[in-house]
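The shown structure was predicted, so the numbers you read here are calculated from the model rather than taken from an experiment.
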Amino acid sequence: MKEKLIKGYPHIKLNHQKPNLATIQKVCEDFYLSMDKRRSVREFSDQDIPKEVIENIVKTASTAPSGAHKQPWTFCIISNPALKKKIRIAAEAEEKESYDSRMSDQWLKDLEPIGTDWEKPFLERVPYIIVVFKKIYDEEEGQKKTNYYVNESVGIACGFLISAIHQAGLATLTHTPSPMNFLSEILERPKNERPYLLLPVGFPAEETYVPKLERKGLNEIAIFFE
Ligand code: IYR
């Protein structure tokens with residue numbers, strides 16, 4: 001591997017193989033078509049997934065860029081049935097409160113076509129729950145070390161995570177019980193970590209239905225300045 005010092009720090013030569021244009025066009029269209037098949041799923045099979053698959057998915061998420069390369073994230077991977085049950089009970093308690101009194105009428109109306117409610121049986125059924133924590137700072141030998149662009153960094157890592165889950169042929173849901181502090185308690189996380197996102201991971205149930213949604217067209221989401 002070719003290396004050189006830049007401003008005193010080691011750099012390695014980028015190993016980039018430039019594809020031809022036809023390959024680029026095909027690969028990016030195929031990738032788009034594949035990603036366009038991704039759907040949030042709320043009904044899961046209880047079929048197990050090999051642990052190495054989950055490990056590779058999480059390693060993919062951790063390839064995300066982050067502020068000053070601080071990698072300000074912890075992925076908690078839960079397959080323990082007692083913990084899954086605890087998470088379900090606590091999440092459903094918060095969700096019931098939210099659906100019954102915390103969410104506005106407009107919010108509840110906006111969710112009607114998606115068909116959600118406070119009950120989350122999938123939290124016990126899925127083989128894995130991944131809870132992503134953001135590290136608002138790092139702690140080294142009792143010293144606080146600042147992290148940068150934490151929300152952006154962890155959000156990007158979650159995007160990678162969701163893409164990796166989909167590319168593996170599995171399904172997930174960006175589940176957002178609110179507030180989420182019960183996850184810090186159940187998973188005994190230190191005080192520099194805050195829950196960011198909860199993702200159940202598994203195969204979709206044998207026959208499952210998802211809302212009939214349209215995605216915005218390119219002309220609605222992009223502006224080209226040529
Ligand atoms: N957290 C709740 C409510 C919910 C909110 C939004 I915004 C959604 O897009 C879907 C659900 C729940 O998970 O049911």
Side-chain angles (χ1 to χ4, degrees), residues 27-62 75-100 103 107-132 155 157-178 180 182-183 186-187 195-217:
V27 168
C28 80
E29 189 186 6
D30 287 351
F31 189 66
Y32 158 61
L33 292 172
S34 158
M35 291 301 285
D36 194 35
K37 293 206 178 91
R38 187 204 57 78
R39 294 301 310 264
S40 291
V41 160
R42 291 179 174 79
E43 288 171 309
F44 288 87
S45 149
D46 62 0
Q47 191 184 330
D48 204 5
I49 299 165
K51 192 175 168 198
E52 307 80 71
V53 172
I54 297 294
E55 287 173 349
N56 278 325
I57 284 167
V58 171
K59 284 197 279 185
T60 303
S62 199
F75 298 90
C76 288
I77 299 143
I78 301 117
S79 53
N80 177 293
L83 275 181
K84 284 193 276 186
K85 187 174 185 158
K86 259 191 176 176
I87 291 173
R88 175 184 177 181
I89 290 169
E92 284 185 336
E94 291 296 358
E95 292 288 32
K96 184 146 189 2
E97 185 77 27
S98 293
Y99 278 87
D100 286 354
M103 288 152 76
W107 191 348
L108 292 171
K109 213 169 165 36
D110 281 340
L111 286 179
E112 267 174 24
I114 305 180
T116 60
D117 61 35
W118 65 268
E119 287 186 273
K120 309 294 174 190
F122 54 79
L123 291 174
E124 266 190 278
R125 192 167 164 77
V126 284
Y128 288 96
I129 295 173
I130 302 178
V131 183
V132 185
C158 287
F160 280 32
L161 185 63
I162 293 165
S163 306
I165 291 167
H166 177 66
Q167 290 301 317
L170 300 167
T172 189
L173 168 71
T174 48
H175 181 42
T176 52
S178 175
M180 283 203 280
F182 66 89
L183 292 165
I186 294 174
L187 301 170
Y196 186 86
L197 189 64
L198 187 163
L199 298 159
V201 185
F203 289 101
E206 199 60 36
E207 187 172 329
T208 186
Y209 289 83
V210 292
K212 194 173 173 191
L213 304 176
E214 295 281 332
R215 291 198 160 106
K216 287 182 180 174

Between [atom1] on residue [X] and [atom2] on residue [Y], distance to nearest 0.5 Å:
X: I162; Y: I57; atom1: CD1; atom2: CD1; value: 11.5 Å
X: I130; Y: L198; atom1: CD1; atom2: CG; value: 9.5 Å
X: I165; Y: R38; atom1: CD1; atom2: CZ; value: 10.0 Å
X: L199; Y: L161; atom1: CG; atom2: CG; value: 5.5 Å
X: E119; Y: R88; atom1: CD; atom2: CZ; value: 7.0 Å
X: D100; Y: M103; atom1: CG; atom2: CE; value: 10.5 Å

Just by distance, do the side chain of [X] and the backbone of [Y] share a donor-acceptor pair under 3.5 Å?
X: S163; Y: G159; answer: yes
X: R125; Y: E43; answer: no
X: H166; Y: D36; answer: no

Determine, step by step, whether V53 and L170 satisfy the side-chain contact (heavy atoms from CB on, under 4.5 Å) criterion, reporting the C-alpha distance in whole Å, the side-chain angles of both residues, the deciding distance to 0.1 Å, and the verdict.
-> CA-CA 10 Å; V53 172; L170 300 167; 4.0 Å; yes
Answer yes or no: is there a side-chain heavy-atom contact under 4.5 Å between [X] and [Y]?
X: T172; Y: V201; result: yes
X: L123; Y: E92; result: no
X: F203; Y: I49; result: yes
X: I78; Y: L187; result: yes
X: R42; Y: I114; result: yes
X: W118; Y: E97; result: no
X: E206; Y: S45; result: no

Taking side-chain contact (heavy atoms from CB on, under 4.5 Å) as the test, write out the residues that go with A157, two or more places apart.
-> A64, W73, F75
Could you check L213 against R39 for side-chain contact (heavy atoms from CB on, under 4.5 Å), going step by step and ending with a plain yes or no?
-> CA-CA 10 Å; L213 304 176; R39 294 301 310 264; 3.3 Å; yes
For residues [X] and [Y], report the shortest heavy-atom separation together with the two atoms involved.
X: G155; Y: Y196; result: CA-OH, 3.2 Å
X: V210; Y: S40; result: CG1-O, 3.6 Å
X: P127; Y: G202; result: CD-CA, 4.0 Å
X: M180; Y: P195; result: O-CG, 3.3 Å
X: P113; Y: D110; result: CD-O, 3.4 Å
X: P177; Y: E95; result: CA-OE2, 3.6 Å

Give every residue pair that meets the salt bridge (Lys or Arg N to Asp or Glu O under 4.0 Å) criterion with at least one member in residues 77-87, sequence neighbours excluded.
-> none
Non-neighbouring partners of H175 that pass ring pair (Phe, Tyr, Trp, His ring centres under 6.0 Å), sequence neighbours left out = F122
Could you walk me through whether K59 and N56 pass the side-chain contact (heavy atoms from CB on, under 4.5 Å) test, one step at a time?
-> CA-CA 5 Å; K59 284 197 279 185; N56 278 325; 3.4 Å; yes
